[in-house]
Amino acid sequence: MEEITYQGLTFEPYIRREEIAKQVHRLAQEIKRDYDDKCPLFLCILNGAFIFASDLFRASGLHDAEIAFIRFKSYEGISSTGEVKQLMGLTQDITGRDVIIVEDIIDSGITAAQLRKELDKHSPKSVKMVSLLFKPEALTIGNPPDYVGFEIPSKFILGYGLDLDGLARNLPDIYALKER
Ligand code: IMP
Ligand code: MG
């Protein structure tokens, strides 16, 4: 794997697709174990989580499971704006449902906190969160996700759904911004 460049910034290989697939399958097994007798609603946070959600949803092997979507935006360039915009509302009723929020990455935790507030208005039966990536040092609000693929330091990363101003989501591997 080689370095790549976006918007004049250099990114180096960070997590390979094989390693991502391994963790996605581990998370899927944990979720299957916890929700086997239920019909959870996976709630994918667009845009970043769509690739992870699709792999995780298929890998869970649950007989009864549904997926819905909601869209938030907080990042511009390589940093959080500190403000979370909801760009698309819930596509499905979550009242009385066991909801599993599917996130690509938890950074400051602001998006997750805002989402939980929004979900609570609709009285779900339970809410848990799975995030492929988690930056513990960056967390300023809320709790760590219930299921975590990788804990990483506070670096900017992209690929496998994660973007730089809309680009690089289609990279099968994850790359990290190179420190100068
Ligand atoms: P938070 O609200 O600060 O926790 O940020 C959450 C959202 O910001 C994530 O769902 C991502 O969409 C985006 N984000 C956070 N860190 C990164 C990163 O390193 N690369 C790309 N997007 C990120
Ligand atoms: Mg996101």
Side-chain angles (χ1 to χ4, degrees), residues 1 3-17 19-20 23-24 27 31 41-57 67-91 99-120 127-180:
M1 271 168 76
E3 291 182 352
I4 49 161
T5 307
Y6 279 96
Q7 297 183 354
L9 299 170
T10 305
F11 292 83
E12 56 194 356
Y14 192 55
I15 310 175
R16 287 175 179 278
R17 65 196 78 182
E19 192 55 32
I20 298 171
Q23 293 307 315
V24 170
L27 292 170
I31 289 171
L41 179 67
F42 288 66
L43 182 60
C44 170
I45 315 305
L46 296 171
N47 290 337
F50 84 106
I51 289 179
F52 171 49
S54 118
D55 285 346
L56 180 74
F57 190 55
I67 190 160
F69 302 88
I70 191 166
R71 182 161 179 214
F72 284 98
K73 182 177 167 71
S74 62
Y75 252 64
E76 261 159 37
I78 63 166
S79 52
S80 174
T81 58
E83 184 203 352
V84 187
K85 290 187 204 141
Q86 188 180 320
L87 302 181
M88 184 182 101
L90 279 169
T91 56
V99 175
I100 305 171
I101 300 170
V102 185
E103 255 291 29
D104 49 358
I105 186 163
I106 301 294
D107 183 40
S108 68
I110 294 173
T111 306
Q114 179 116 341
L115 173 65
R116 286 201 178 235
K117 231 169 46 183
E118 172 73 21
L119 298 189
D120 285 346
V127 179
K128 286 205 174 182
M129 180 177 307
V130 54
S131 187
L132 180 65
L133 298 134
F134 174 42
K135 300 179 189 168
E137 291 157 15
L139 192 71
T140 59
I141 180 168
N143 300 317
D146 303 283
Y147 306 92
V148 174
F150 301 89
E151 282 197 6
I152 63 166
S154 293
K155 341 168 150 255
F156 184 78
I157 57 169
L158 46 70
Y160 194 72
L162 291 134
D163 71 307
L164 176 60
D165 288 337
L167 298 178
R169 294 195 199 277
N170 55 344
L171 298 173
D173 306 285
I174 292 175
Y175 292 76
L177 182 62
K178 216 173 151 178
E179 313 285 344
R180 299 184 213 210

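Counting starts at 1 for both ligands and their atoms, following the listed order.
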- Mark up the atoms of ligand 1 that fall under 4.0 Å of a heavy atom belonging to I110, in ascending order. 2 (O), 4 (O)
- Message: Tell me whether S74 reaches ligand 1 (any heavy atom closer than 4.0 angstrom to a ligand atom).
- Response: yes
- Within 4.0 Å of some non-hydrogen atom of D163, the atoms of ligand 1 are 21 (C)
- Query: Quick check: does A112 get an N/O under 3.5 Å from an N/O on ligand 1?
  - Reply: no
- Message: Does the residue L158 have a heavy-atom contact with ligand 1, meaning some pair of atoms that are separated by less than 4.0 Å?
- Response: no
- Proximity flag K155 to ligand 1, non-hydrogen atoms under 4.0 Å: yes
- Answer side chain, backbone, both or neither: which part of L162 comes under 4.0 Å from ligand 1, heavy atoms only. side chain
- Query: Looking at M129 and A112, what are the two nearest heavy atoms and their distance?
  - Reply: CE-CB, 3.5 Å
- Item | Heavy-atom pair of closest approach, residues G161 and I51 | N-CD1, 3.8 Å
- With heavy atoms of S108 as the reference, note each atom of ligand 1 found under 4.0 Å away. 1 (P), 2 (O), 3 (O), 4 (O)
- Task: Supply the atom-to-atom distance L167 CG to L162 CG, rounded to the nearest 0.5 angstrom.
- Result: 13.0 Å
- Query: So which bit of L164 gets within less than 4.0 Å of ligand 1, heavy atoms only: side chain, backbone, both or neither?
  - Reply: neither
- Query: Within a reach of under 6.0 Å around CD of E179, are more than 12 heavy atoms found that belong to other residues, nucleotides or ligands?
  - Reply: no
- Query: Which distance, rounded to the nearest 0.5 Å, do you find between the CD of E3 and the OH of Y175?
  - Reply: 10.0 Å
- Partner residues of D165 under the salt bridge (Lys or Arg N to Asp or Glu O under 4.0 Å) criterion, sequence neighbours left out: none
- Item | Proximal atoms of ligand 1 relative to E103 (non-hydrogen, under 4.0 Å) | 10 (O)
- Ring geometry between Y6 and F11 (parallel below 30°, tilted from 30 to 60°, perpendicular above 60°): perpendicular
- Sequence-distant partners of Y147, side chain to side chain donor-acceptor pair (under 3.5 Å), two or more places apart: D34
- Examine ligand 1 and decide if any of its atoms is less than 4.0 Å from a heavy atom belonging to K135. yes
- Note on the structure: Per-atom filter on ligand 1: closer than 4.0 angstrom to a heavy atom of T111 are 1 (P), 2 (O), 5 (O), 6 (C)
